[in-house]
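All remarks here apply to the structure that follows.
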Amino acid sequence: MFGIPGKQAVTMTPAAAKHISKLMARDGSEGLRIGVKKGGCAGMEYTMDYVTEVDPHDEVVEQDGARVMIAPMAQMFLFGTEIDYETTLLESGFRFNNPNVAEACGCGESIKFNEA
């Protein structure tokens, strides 16, 4: 929808692709759908949901056995994002390295996008 021919909307680090593949196999899902919604102290939040059926309007990105679908309304906010998966002593989870983000809250759970 908002893509550039020959360029994926998002990329995944090897750690993210490995973890998404593991989640897909464990839950028997078709992949993860990522999106954004209003909320949080900065104004927007990322969403991730298991997908049992691919929506024909989703942007589908496949890498190393992992499949991510981008909800149509989120495509313009997520284009160029790198999805990573990090594990530290205190927590583990997905990280979105998104060039479209102007601000993020202190906890990193919500974001504000550049205004065009």
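The structure places CE of M12 at 15.0 Å from NZ of K18, a figure rounded to the nearest 0.5 Å. Taken to the nearest 0.5 Å, the CD atom of E30 stands 7.0 Å off from the CE atom of M69. R26 contributes atom CZ, which lies 13.0 Å from atom OG of S21 (distance to the nearest 0.5 angstrom). One distance of note links CD of E62 with CZ of R67; it measures 4.5 Å at 0.5 Å rounding. A distance of 11.0 Å separates CD1 of I70 from CZ of R33, quoted to the nearest 0.5 Å. A distance of 8.0 Å separates CE in M24 from CG in L32, rounded to the nearest 0.5 Å.
Nearest heavy atom pair, residue Q75 against residue H57, reads NE2-O, 3.4 Å. The two atoms that bring L23 and Y50 nearest to each other are CD2-OH, 3.6 Å, heavy atoms only. Between F77 and T81 the shortest heavy-atom distance is O-OG1, 4.4 Å. Minimum interatomic distance between G35 and A74 (heavy atoms only, all atoms of both residues): CA-CB, 3.6 Å. Pairing each heavy atom of Q8 with each of F79, the nearest pair is O-CE1, 4.2 Å. Nearest heavy-atom pair across D64 and A17 is CB-CB, 4.2 Å.
V10 and V60 are members of different hydrophobic clusters when ILVMFWY side chains are connected at heavy-atom separations under 4.5 Å. By the rule that hydrophobic residues join a cluster once side-chain heavy atoms approach within less than 4.5 Å of another member, L78 and V51 end up as members of separate clusters.
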For the pair I20 and V68, evaluate side chain to side chain contact (heavy atoms under 4.5 Å, CB included) and give the outcome as yes or no after the intermediate values. CA-CA 8 Å; I20 291 169; V68 172; 3.7 Å; yes
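The side-chain contact (heavy atoms from CB on, under 4.5 Å) test with F94 is passed by exactly one of I83, I34, D84: I83. Applying side chain to side chain donor-acceptor pair (under 3.5 Å) to E82 and the options N98, N97, T13 leaves one that passes, N97.
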